[in-house]
Number of protein chains: 2
Amino acid sequence: MSATIKDVARIAKVSPSTVSRVIADSPRISKETKLKVEQAIKELNYHPNIIARSLANRSTKIIGLIIPNTSEDLFKNPFFIQIMTGISIYAQKKGYYIMYSYSKKENEEIKFLKNYSNSKLVDGFILLTSKKDDKCIEFLKKNNYPFVVVGRPEDTNKVLWVDNDNFKAMYEVVDTLIQKGHSSIAFIGGPKQFNMSKDRLEGYKKALEVHGICIDNKMIEQEVNFTESCGFDAMNRILNYKIPSAVVTTDDLLAFGALKAINERIDQKIAIVGFNNTPLAVYQNPPLSSVDINAEELGYNAAKLLIGKLENELLSTNHYIVDTKFIERESTI
Amino acid sequence: MSATIKDVARIAKVSPSTVSRVIADSPRISKETKLKVEQAIKELNYHPNIIARSLANRSTKIIGLIIPNTSEDLFKNPFFIQIMTGISIYAQKKGYYIMYSYSKKENEEIKFLKNYSNSKLVDGFILLTSKKDDKCIEFLKKNNYPFVVVGRPEDTNKVLWVDNDNFKAMYEVVDTLIQKGHSSIAFIGGPKQFNMSKDRLEGYKKALEVHGICIDNKMIEQEVNFTESCGFDAMNRILNYKIPSAVVTTDDLLAFGALKAINERIDQKIAIVGFNNTPLAVYQNPPLSSVDINAEELGYNAAKLLIGKLENELLSTNHYIVDTKFIERESTI
DNA sequence: TTAATTTGTGCAATCGATTGCACAAATGCA
DNA sequence: TGCATTTGTGCAATCGATTGCACAAATTAA
């Protein structure tokens, strides 16, 4: 068995309390005692038992990650793993641990949430997506459990969140296209249960409006699931109606599908823009322009907000907006 | 504050030990007492504190995941997140929790490992890759800590591991190509510090040998990092030497790069095969044939092995071999 | 009817830390 | 020198569970 605080105390000829204080770097410990204890710690290769400490502290320093099962592109989109690394990097810095759980079954996230919080296993949560009427958010709010949402929630009041400025990001994309002379621009977007989808659509509309271009609802495909085949179908519906000079999408996967439809049916070039800048955007034919959303920084900031809250820091803000960057490639040249 | 076992005991008019026994479903509790206690539990919405339980049990039911930082394709290859979901699914079934940690710095995995194990935070580990002379494996073996390795380790003796049969998988690919009439087949493979790379190369060589085709070392590019640009460069080196009729690679990313080189330089068609069957293989031009390695099942089995070990089951085997499947697409037609 | 066994429950120690409070020794101040 | 204050350490309770052991009551056997 490995050494406990009592063993250290015995070797250093002090009490366990003193050892504890040395570890916590309490100012009331004399230099000599501190040295003695530190030597004993080294000698025994002692490491505090985190579980015992957690029990005494009523805090585990564990963050729970709720990964949505609805996101069909979990595997195709590096978004989640990027967020997860961002979270991990900040958490490490602050000595926090991360727990995750994933389920294929619909709406099982709430089960984890309850299990983790009821059993006092985690100090707080990060939700990797926020849907409309999210049961998880509801539960966490009701129980006053600390949490951060990735993606702007319905009700931003008293909720901590991180997101991009999706309105602005899409506005800029469409604005750039218009500047290049495009005036017939189609839109393929995801389910409206995500604010992100709505915001990007609004950005699109606003840009058209500002430039005095009429919004044609038949050029707008909404509520499209984030899969290539749905993007493919949506693009075909648009092409059946009219051939646009450009298409913007709210996800690279949609763009991949759309590109396929275009390549199959149309000879002339249609400008196309993805979103999220997945690593393989550059390997499309033509290489796909896309908007980098900086997912890792989203995760990093989410962890920052949550840990700040957990440590009772005076938070200067309840959210972070992470910059996006429109990466132009051949698909818009 | 939420209810503790003492509160339940008080309400049910029994001792905490009895409550504990009811929860553990001990056979020595009478039906009436059990009912009383269960009612009290419901009434108070009591949930056992996992931390306290862990302390008493000297076991946390937490599994630690060591994610390699060397894998440059962490974001590009869904391999890791697929493994992670497989692990999660089995762990949930068995009531285990999962902790992960990721660092960008070289060789920091061992730090987590030591931290997690010394502080008794996790019961065991799953290493998501195994390199040659892996410090982590060394440490875990020395300290007799339970762990499972994804990917066959150097020394399979007394180590639990899961892997595909990489030799066989590549053998079959090359065999299939030869059956189709190819005889000039190039090979682009990853670093030899991974057994997987070596096995796939051996499978390639064996298939050639069996069919009486000479092995031409100039057609073999080894030690290529798992990036598209390295694949691109490797392919160009091969093309500088000779134009093969087919190319096999040990990773889709390498294949993507190789494909690009081919498309840029050569008019004639060269058959090409990737590995790992990433979701976007199908979106290459032409759609890329690849080998599906069933990463989720690798993860699932890794968790199974580890948890079996942790629960002192008599393990019938120290490893699992997960089936692969050669998915043929246009790139080999 | 009595002794032996089984059944059901509680006591108290334990897991390995933290921390408020008490108190002796050392120091400061007049 | 004498008293007040500061400094450094230990005692013991606590966090919230689990579990070996003891033992009374109920049951069975003789």
Side-chain angles (χ1 to χ4, degrees), chain A residues 1-38 40-41 44-62 95 97 115-123, chain B residues 1-38 40-41 44-62 95 97 115-123:
Chain A
M1 282 309 288
S2 48
T4 72
I5 201 168
K6 284 183 192 163
D7 301 322
V8 176
R10 193 164 16 82
I11 299 292
K13 297 198 204 323
V14 295
S15 76
S17 354
T18 300
V19 177
S20 175
R21 291 194 179 100
V22 169
I23 292 168
D25 207 22
S26 157
R28 305 196 54 134
I29 298 290
S30 71
K31 284 211 178 73
E32 305 84 63
T33 322
K34 194 171 171 182
L35 221 70
K36 260 197 313 187
V37 171
E38 279 167 350
I41 287 178
L44 294 174
N45 188 30
Y46 166 76
H47 297 266
N49 180 310
I50 298 227
I51 298 299
R53 175 181 283 173
S54 296
L55 183 59
N57 283 335
R58 287 169 222 64
S59 149
T60 59
K61 293 198 140 203
I62 300 177
Y97 304 95
N115 180 12
Y116 286 17
S117 59
N118 284 329
S119 60
K120 301 280 181 295
L121 183 53
V122 310
D123 286 351
Chain B
M1 279 310 288
S2 46
T4 71
I5 201 167
K6 284 183 193 164
D7 300 321
V8 176
R10 193 163 16 81
I11 299 291
K13 300 201 204 320
V14 296
S15 75
S17 353
T18 301
V19 177
S20 175
R21 290 194 180 101
V22 169
I23 293 168
D25 207 23
S26 155
R28 304 196 54 134
I29 298 290
S30 72
K31 282 209 180 76
E32 305 85 61
T33 325
K34 193 170 172 185
L35 221 70
K36 263 197 309 185
V37 171
E38 278 167 352
I41 288 178
L44 294 174
N45 188 30
Y46 166 76
H47 296 266
N49 181 310
I50 299 226
I51 299 300
R53 175 180 283 173
S54 297
L55 183 59
N57 283 334
R58 286 169 221 65
S59 148
T60 59
K61 293 198 138 205
I62 300 176
Y97 304 95
N115 181 12
Y116 286 17
S117 58
N118 284 329
S119 60
K120 301 280 180 294
L121 183 54
V122 310
D123 286 353

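Any value given below was found using the heavy atoms of this structure, including those in side chains, with hydrogens, waters and symmetry copies removed. Not measured: the values here are computed from a predicted model. Sequence lines set the chain letters: A, B, ... in the order given, protein chains first and strands last, and positions in each chain run from 1.
Side-chain contact between Ser2(A) and Lys120(B) is present, with at least one heavy-atom pair separated by less than 4.5 Å.
Rounded to a whole Å, the CG atom of Asn118(A) is 16 Å from the C1' atom of dA17(D). Rounded to a whole Å, the OH atom of Tyr46(A) is 10 Å from the P atom of dG16(C). When rounded to the nearest whole Å, the span between CG of Leu55(A) and P of dC15(C) equals 14 Å. At whole-Å resolution of the value, CZ in Arg53(A) and C1' in dA17(D) are 20 Å apart. One atom, NZ of Lys6(B), and another, P of dA13(D), lie 12 Å apart when rounded to the nearest Å. Across the protein-nucleic acid pair, Ile5(B) atom CD1 and dA17(D) atom P stand 5 Å apart, rounded to whole Å. Between the CG atom of Asn49(B) and the P atom of dT14(D) there is a distance of 17 Å, rounded to whole Å. Protein atom NE2 of His47(B) is 16 Å distant from nucleotide atom C1' of dA17(D), rounded to whole Å.
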Which side-chain N or O atoms in residues 18-26 of chain A pair as donor and acceptor under 3.5 Å with protein atoms at least two apart or in another chain?
unit_1	atom_1	unit_2	atom_2	d
Thr18(A)	OG1	Ser15(A)	OG	3.3
Asp25(A)	OD1	Lys34(A)	NZ	3.0
Ser26(A)	OG	Arg28(A)	N	3.2

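End-to-end axis angle of the helix from dT1(C)-dA30(D) to dA30(C)-dT1(D), using five pairs per end and rounding to 10°, comes to 40°.
Here Arg28(B) lies in heavy-atom contact (under 4.0 Å) with a base. Within 4.0 Å of Thr33(B), counting heavy atoms only, lie sugar-phosphate atoms of the nucleic acid but no base atom.
Considering only residues two or more places apart in sequence or on other chains, Asn115(A) meets the side-chain hydrogen bond (donor to acceptor under 3.5 Å, both in side chains) condition with none of them. In this structure Ser54(B) satisfies the side chain to side chain contact (heavy atoms under 4.5 Å, CB included) test together with Ile51(A), Ile50(B), Thr60(B), sequence neighbours excluded. Judged as a side chain to side chain contact (heavy atoms under 4.5 Å, CB included), and not counting sequence neighbours, Ala56(B) has no contacts. Under the side chain to side chain contact (heavy atoms under 4.5 Å, CB included) criterion, Asp7(B) pairs with Ala3(B), Thr4(B), Arg10(B), Leu44(B), not counting sequence neighbours. For Thr33(A), the side-chain hydrogen bond (donor to acceptor under 3.5 Å, both in side chains) test picks out Ser30(A), with sequence neighbours left out. By the side chain to side chain contact (heavy atoms under 4.5 Å, CB included) test, Ala12(A) is found to be paired with Val14(A), Val37(A), Ala40(A), residues two or more places apart in sequence or in another chain being considered.
In this model, the phosphate group of dT9(D) is approached by a side-chain N or O of Ser30(A) to a distance below 4.0 Å at OP1 or OP2. For the OP1/OP2 pair of dT14(D) and a distance below 4.0 Å, the side-chain nitrogens and oxygens of Asn57(A) include no atom meeting the criterion.
Non-hydrogen atoms lying under 4.0 Å from DNA chain C are contributed by Ser17(A), Ser20(A), Arg21(A), all within residues 11-22 of chain A.
Ile62(B) CD1 to Tyr97(B) OH: the interatomic distance, rounded to the nearest 0.5 Å, is 8.5 Å.
Side chain of Ala56(B), nearest nucleotide from dA17(C), dG8(C), dT18(D): dT18(D).
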